[in-house]
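Letters A, B, ... are given to chains in the order of the sequence lines, protein chains preceding strands, and every chain is numbered from 1. Small disclaimer: the values here were computed from a predicted structure and weren't measured.
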Amino acid sequence: MKRILITSALPYINGIKHLGNLVGSQLPADVYARFMRAKGHEVAFICATDEHGTPAELAAIDNNTSTEEYCEKMWQVQKDLSEKFFLSFDFFGRSSSPSNHELTKQFALQLNKNGLLKRVEEKQLFSKEDNRFLPDRYVIGTCPECSYERARGDQCENCTRQLEASELINPRSVLSGSKNLELIKTDHLYLMQSKLKDKLLAWIESKNNWPIITTSIAKKWLLDGEGLQDRSITRDLKWGIAVEKDGRPWEGMENKVFYVWFDAPIAYIASTLDWATSKKQHPEYWKTWWLDDHGAKDVHYVQFMAKDNIPFHTLSFPATLLGAKQSWKLVDYIKGFNWLTYEGGKFSTSQKRGVFMNQAIDLFPSDYWRWWLLSNAPENADSDFTWTSFQSCINKDLADVLGNFVSRLAKFAASKFGEAIPKGSKYTNEEFEAISEIEKIFKDYNDAMTKIEIRKATSHLRKIWSKGNEYLQRSQPWMKIKTNEAEAAKIVRFGFNLMLFYSEISEPFIPETCLKIKSCVGKSKDSVEWSFFKDDFETIFERVKFGAKFKPLQNLFKKIDNKEALDLEKRFAGTDD
RNA sequence: GGGGGGUUAGCUCAGUUGGUUAGAGCAGAGCGCUCAUAACGCUUUGGUCACAGGUUCGAGUCCUGUACCCCCUACCA
């Protein structure tokens, strides 16, 4: 048994996430967590909301509430949604938790002690009317390059030039429109990542099994131009983790908070701590996951994220961990994802384009989404969500191949043998052949899952499902029932065992459906450990009890017809403005 | 400008360290079955593997160049 630590990139608190966010980290992480648990490993699957920063403050203002209340509310919303999608986090924490405040400050202190922080003077635009410093993207003005009048402080959308907010002509606040802006000198703490460059490079280069995209992005940042740049880890904001030293203000850093990208990854650790506390574990327990000298050396740590997060997870966060020099656990494997697009374009929150988690779950059961998203996960390239693809995938894979298999079997059994599972004769070559075919594909499936090859795994799984239909077609219980009832009963018995097996191995992908199937064949909801499977593959198809009552299932999956798909396409096309 | 990824059947994609007739699902065609959500099974039609060169006994697979798409990143007047 191994110990597996799994973290999924932290969803930002500001609003409900869309399908692209879901498939980019949380969902595949959930599949992996469920798989690893099924294999009998000890799993800590940790996630949290990322709550600090300006967007959270502004969203709170829009909602006429305090930032604290807004975050509290949205954390609950996101947590509830994650449960509706059957995301099996062991703990869903918050980056604003007291433990994260504590840990973040400790990290800063430790980095400072190790000579890795320095103070740098910057100039930031301050808006008197808004009474706040304006991050670059909250300033608009005329582009010095192309004279576009609505250029943002970080980049001009018109000519794509990268800008400094101070370069803008006639700058004004995005928030209030005020032109009463003042360029003010302000000091910030910088993490001297450049000093850790060699260590980071050596570490990255030791990871020869990582996907090219991950290491190439990391190396690019490490080696290009002047190499890894030092980064500011503080901001002039109210909402966040106060920059303090031993409970007292850090001199020169009064009224500042840590940059959200500094404290957010630390929330992985803080949430593990909060999880341990909530489970009333020993106070040192969380350290067995995070500190090499407390046992974390044996932990296999896997992170899931979309590609935009890769630099932070390959460089910034490791720099924090390495720089602290306290034997912190570094990630062992990073699973990065590309983007999910929507009908050929981008998902857009502002234009309401695409499908968001709350809308999705109101339309179809979680497994519909899980199955489509996972079997089309943007692993090697961006992938595109279309309603046509969704419709065909759900109807074909779930309704026709899996759903219909369960349905035809259960209904046949109920009509010929009543609602109890019949015994019948012994298995013969027909069954053994099916078993050996399935065992072969299961091995491939297991391999793909181990390597976190999500799409590949779904196609193997689908192939295993269709073996059920192939078997029924070959054995023809509807003919046998006329001449040899014991034979027909055997086929039904084997069919039910297949159902049970399916419900176990499909659980990482479609957990809600698997619970239904499992309860139909009279099994408890406890998940079975796959480790059992390798002992004797044949015996796993003799576990359904004869005579056990079963409840015939309603159709597991309702098909999506053309009209419905078309309506949805129109409804979610978004606004054009 | 620099870097990375991509370009394989009508569509979505697999193709292991280069090795014989390039695979899957969907869609199309034909046949079979009738237990089942008009579901299922079997068979089958589709490919100058973006293009042009090169290395090799042999290249979808390695090298060079070109075209197009996506992403990251830097910037002159």
Practice prompt. Starting from Watson-Crick (N1-N3 plus N6-O4 or O6-N4) and G-U wobble pairs under 3.5 Å, report the runs of at least three that RNA chain B belongs to.
Written response: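 Looking at RNA chain B, the stems formed by three or more consecutive pairs are B:1-7 with B:67-73, B:10-13 with B:23-26, B:28-32 with B:40-44, B:50-54 with B:62-66.
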
Practice prompt. Select one nucleotide: of U12(B), C40(B), C35(B), the one nearest the side-chain heavy atoms of Trp478(A).
Written response: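 Given the options U12(B), C40(B), C35(B), the side chain of Trp478(A) is closest to C35(B).
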
Fill in: Among C13(B), C42(B), C26(B), the nucleotide that comes nearest once only the side chain of Glu470(A) is considered
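Nearest listed nucleotide: C42(B).
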
Worksheet item: Any idea if G46(B) is syn or anti, going by the 90°-from-0 cut?
Response: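 With its glycosidic angle within 90° of zero, G46(B) counts as syn.
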
Discussion item. Given 3.5 Å as the limit, does a donor-acceptor pair link the side chain of Asp367(A) with the main chain of Thr513(A), or not?
Written reply: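 Judged by distance alone, yes, a pair lies under 3.5 Å.
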
Worksheet item: Below 4.0 angstrom from OP1 or OP2 of A39(B), is there any side-chain N or O of Lys411(A)?
Response: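 No, outside the criterion.
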
For [Y], is there an ion pair with [X] - N to carboxylate O distance below 4.0 angstrom?
| X | Y | result |
| --- | --- | --- |
| Lys84(A) | Glu512(A) | no |
| Asp30(A) | Arg34(A) | yes |
| Lys467(A) | Glu437(A) | yes |

Worksheet item: Are side-chain N/O atoms of Lys490(A) and Thr428(A) paired as donor and acceptor at under 3.5 Å?
Response: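 Side-chain D/A pair, Lys490(A) to Thr428(A): present.
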
Worksheet item: Within the structure shown, what part of the strands sits under 4.0 Å from Ser459(A) by heavy-atom distance: base, sugar-phosphate, or nothing?
Response: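 The answer is nothing, as Ser459(A) stays clear of every strand by at least 4.0 Å.
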
Item to complete: Answer with base, sugar-phosphate or nothing: what part of the nucleic acid does Asp382(A) contact at a heavy-atom distance below 4.0 Å?
Response: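 Sugar-phosphate contact only.
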
Within this structure, what is the [atom1]-to-[atom2] distance between [X] and [N], rounded to whole angstrom?
| X | N | atom1 | atom2 | result |
| --- | --- | --- | --- | --- |
| Ile310(A) | C71(B) | CD1 | C1' | 11 Å |
| Met479(A) | C40(B) | CE | C1' | 16 Å |
| Glu343(A) | U12(B) | CD | C1' | 14 Å |
| Tyr471(A) | C42(B) | OH | P | 16 Å |

Worksheet item: How long is the gap from CG on Asp397(A) to CH2 on Trp465(A), to the nearest 0.5 Å?
Response: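 One gets 6.5 Å once the value is rounded to the nearest 0.5 Å.
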
